[in-house]
Amino acid sequence: MKNLLYAIQQNKRLQAIIVGLYIVVTFFSLYLAQKSVVAFLLLLSSLLLLYFTTFSNRVKWLIGGVVMVVLLPLAASQGEAYQSYMEVATLVGIYIAMALGLNIVVGMAGLLDLGFVAFFALGAYTYGIFATGQANNFMPFGHYPLSGESFWVFIFIGCFVAALFGILLGVPVLRVKGDYLAIVTLGFGEIIRIIFNNLDKPVNITNGAMGLASVQPPRLFGIDFMYPNQFYYIVLVILVTVIFAVRRLEFSKIGRAWKAVRENEIAAQAMGIHLVKTKLMAFAVGASFSGMMGVVFAAKQTFVDPTSFTLLESITILVMVILGGMGSVPGVILGAALVTILNLQVLTELTNWLNQLSLNGVINVPDALSPAKMQRFIFGVILILFALYRPQGLLPAKNPVFDEKDLKDADKLINAGVQKEATQHVHLDS
Amino acid sequence: MINEVLHTLPQVLIDGLTLGAVYAIVALGYTMVYGILELINFAHGEIFMTGAFVGTAILLTFAGFGWLASMPALVALVLVLVVTSVVTGLLGMGIERVAYRPLRNAPKLITLITAIGVSFLLQDIVRFIAELKNGNYILTGPSLFSGQIGIKVSSISSIFNDASVKSSFFIVLIVAVIMMVTLDFFVNKTKWGMAMRAVAQDRETAALMSVNVNKVIALTFFIGSALGGATGVLFAIQYGTIDPYIGFILGLKAFTAAVLGGIGNIRGAMFGGILIGIMEMFAAANLPVISHGVLGAEYKDVFAFAILIIVLIFKPEGLFGKVSVEKV
């Protein structure tokens, strides 16, 4: 087995054949068997397979892009389940972006944020209020709802509002001990929900527990984005941008500063890293991803109410990060996809199946045991087991490995006065 | 406006004192564990909740057998308190043994994450059992002390309205005071208490002085959780209805109380708890009056949280804590 894996690892042509075959087979199985959720998931997991190949990054992105942009929608589009598949894929994308945001806060900077969904709520309400008639109640000028074209601007506004609140919350808390952050953010998440729930008087801003209904769909060149298959592409574009940004941030100066703060605050400080500034930066960047996705979420659901933003949501996102691997971008993407699919597909399918069994009188499962209600249990178990036995997660984070010889050669070149740029001292070991 | 506030003041004080006593004892659990391990034990609010459920379950069983009517209410109360505190105490010890001890040298972030996990697990297990046995996870226990006593405050001064007190108020207050005084005595005057303080001060040195650190930490968890569980019973008796999610927001407020009093400081936590309880009740009763109906009573939770932020900004060491300097 080991030899076989090794042989495959050495042979790029073999890898290409395996990945190609896999994609073709799963593509056709989904194309032909529309109702098979398994085929859909298998096609999605071709990306995971792709991750483990030794192709160059560009080739991986290219193949992944083809699968996501063309093959997946095409294969799913043949039956009635099309929109529900796209719905799942869209939500997976939204959660991946949020988990990547939380990954910056928890994974890279080592700050435990338990109220992350608050920023999501801020983004969602920012768009929700102005894209419904709600804003007429308190805005002295302008005419609401704003048209769907404003959606594209609101993506950035949501980003900004969430980052602003992240900084406002971070300033008092990050000055003191890191442990308090967990409990303060926990409180913040609840408080934001309570405030949104009660902000219908004296001025009706959020419409309270009733929520905001019929949010304007995004519009571009006269086309309204109303269906999940259209949102899928919006989310895909944003997601690629987010992944790109996270990758660049991770290996930038600020990214290294985050990791230094995570490992040892005092040592980092001694190295000249401004603690509060670095932490605030992590907090704001993480929050902004969440706020951005909140805007998309509001537009996609066309309905915003406080019950979507409970503590359970925050913990769900935390579970994604812990499951995938703190600080590891591919890991978090995997974790977010797994948890979202577990939540949306597996648990509901299982519940339906058990209900069917109970109806047929095969076994009698009490209502209390229904898997859809067991989220807290499952998440609790995942958190404990991973913290105890595999704190690095499914796909552990990798730091760049410096090749000593390359560095020395580069030194020699520079010493010899050769102006030629020394290429790539750093190999990303991925 | 002032008149209105003063009218309700006696009732607010009584309700606040009851709630404050509950916060104070739960805060003790947070502060003891934090003092010794520097860990925010998120599961503590859930232990409180478990205690409430265990206590109610015992009372319901008694009522089912018809024993409750035949024994004096006080005896039933003492029995339930003792059994519940032993159960939750052991639960707390078990959690420490399984989830926290293997991670004692791990980064603090990891331990916090396990704590969150334990808290979620407990919530769902309790929900699960309650729903399985009862069909509904919201439980209402039998009322032990339901007598109402009117206090004629208006005879002192006509500004005040009369207040009414459930007789369970006295029970809650007396039991809480007994627990707090006993704990204070235990920590400050006994040998085990001294060991606890030694471990809190410096774990390594305490170990060198032949203090069994593991045992002391287990004992701390036992005492904290037993107190938390017993408070859960008091809560269930005073307020009647419980559900598996009461522990979370209450734990948050109790933690605020612990921070307010200076985390790691036992007397501070008691004081902070009472203070938070009274302030919260005051806010609940008077926020609509003071703000002319702009802010509803729902904002009382926001109020407790605002206190936490304000304390962290202006006096992060709390009212009675001492400033700690981190040494390398």
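Predicted model, so just to flag it, every value in this text is computed and none were measured.
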**Q** More than 12 non-hydrogen atoms from neighbouring residues, nucleotides or ligands closer than 6.0 Å to CZ on A/F165, yes or no?
**A**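 Counting other residues, nucleotides and ligands, CZ of A/F165 stays at 12 neighbours or fewer.
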**Q** To the closest 0.5 Å, what do you measure between CD1 (B/I116) and CD1 (A/I315)?
**A**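 So the CD1 of B/I116 and the CD1 of A/I315 are separated by 4.5 Å.
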**Q** Can you tell which part of A/I322 gets under 4.5 Å to a heavy atom of chain B, answering side chain, backbone, both or neither?
**A**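 Answer is side chain: those atoms of A/I322 sit under 4.5 Å from chain B.
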**Q** Enter the distance from B/S119:OG to A/L311:CG here, rounded to the nearest 0.5 Å.
**A**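 The OG atom of B/S119 sits 8.0 Å away from the CG atom of A/L311.
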**Q** Tell me, which pairs form a salt bridge (charged side-chain N to carboxylate O under 4.0 Å, His left out) where one or both residues lie in residues 243-264 of chain B, sequence neighbours left out?
**A**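 Of all non-adjacent pairs touching residues 243-264 of chain B, those that pass salt bridge (charged side-chain N to carboxylate O under 4.0 Å, His left out) are B/K253-B/E280, B/K253-B/D301.
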**Q** Measure A/L169 against the heavy atoms of chain B and call it side chain, backbone, both or neither at under 4.5 Å.
**A**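 A/L169 touches chain B through side-chain heavy atoms alone.
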**Q** Is it true that, when you exclude A/M281 itself, more than 12 heavy atoms of the residues, nucleotides or ligands shown sit nearer than 6.0 Å to its CE?
**A**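 Check fails, neighbour count at 12 or below.
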**Q** Output the residues of residues 187-197 of chain A for which the shortest heavy-atom distance to chain B is under 4.5 Å, in residue-number order; output 'none' if no such residue exists.
**A**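 Under the 4.5 Å heavy-atom cut-off, A/G187, A/F188, A/E190, A/I191, A/I194, A/I195 qualify.
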**Q** At what distance, to the nearest 0.5 angstrom, does CZ of A/F377 lie from CD of B/Q123?
**A**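 Between A/F377 CZ and B/Q123 CD, I get 13.0 Å after rounding to 0.5 Å.
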**Q** With a 4.5 angstrom heavy-atom cut-off, which part of B/L103 approaches chain A: side chain, backbone, both or neither?
**A**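 The side chain, not the backbone.
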**Q** Contact part of B/I249 toward chain A, heavy-atom cut-off under 4.5 Å: side chain, backbone, both or neither?
**A**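 The answer is the side chain of B/I249.
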**Q** Please flag which part of A/I378 lies under 4.5 Å from any non-hydrogen atom of chain B: side chain, backbone, both or neither.
**A**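 Interface part for A/I378: neither.
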**Q** Mark yes when over 12 heavy atoms from residues, nucleotides or ligands other than B/R97 sit less than 6.0 Å from its CZ; otherwise mark no.
**A**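 Incorrect, the count does not exceed 12.
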**Q** Is there any side chain to side chain donor-acceptor pair (under 3.5 Å) pair reaching into residues 310-319 of chain A, and which pairs are they, with sequence neighbours excluded?
**A**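 Counting only pairs at least two positions apart or across chains, the side chain to side chain donor-acceptor pair (under 3.5 Å) contacts touching residues 310-319 of chain A are A/Y95-A/E313.
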**Q** Under a 4.5 Å heavy-atom cut-off, does chain A meet the side chain of B/I40, its backbone, both or neither?
**A**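 Just its side chain gets close to chain A.
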**Q** Applying side-chain contact (heavy atoms from CB on, under 4.5 Å), name anything that partners B/Y239, two or more places apart in sequence or on another chain.
**A**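 Testing B/Y239 for side-chain contact (heavy atoms from CB on, under 4.5 Å), a comparison that skips the adjacent residues, returns B/T18, B/L19, B/F235.
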**Q** For atom CD of A/Q392, decide whether the heavy atoms of other residues, nucleotides or ligands shown that lie under 6.0 angstrom number more than 12.
**A**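 More than 12 within 6.0 Å, yes.
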**Q** For the residue pair B/F42 and A/L186, establish whether any side-chain heavy-atom pair is separated by less than 4.5 Å.
**A**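 The answer is yes, as the side chains (C-beta and beyond) meet within the 4.5 Å cut-off.
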**Q** When rounded to the nearest 0.5 angstrom, what distance separates CZ in A/F379 from CG in B/L121?
**A**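 It is 13.0 Å, given to the nearest 0.5 Å.
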**Q** Is the shortest heavy-atom distance from the side chain of A/L383 to the side chain of B/F120 under 4.5 Å?
**A**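 Sidechains of B/F120 and A/L383: no contact.
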**Q** Please classify the contact between A/V106 and chain B as side chain, backbone, both or neither, with a heavy-atom cut-off of under 4.5 Å.
**A**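 For A/V106, backbone and side chain are both near chain B.
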**Q** Answer whether the closest heavy-atom distance between the side chains of A/M326 and B/I110 falls below 4.5 Å.
**A**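 Sidechains of B/I110 and A/M326: in contact.
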**Q** Is chain A contacted by the side chain of B/Y245, its backbone, both, or neither, given a heavy-atom distance below 4.5 Å?
**A**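 When you check distances to chain A, only side chain atoms of B/Y245 fall under 4.5 Å.
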**Q** Run B/L109 and A/L111 through side-chain contact (heavy atoms from CB on, under 4.5 Å) and show every step you take.
**A** CA-CA 8 Å; B/L109 183 71; A/L111 308 163; over 6 Å; no
**Q** Please report the closest heavy-atom contact between A/L388 and B/A99, naming both atoms and the distance.
**A**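 In this case the closest contact between A/L388 and B/A99 is CD2-O, 3.9 Å.
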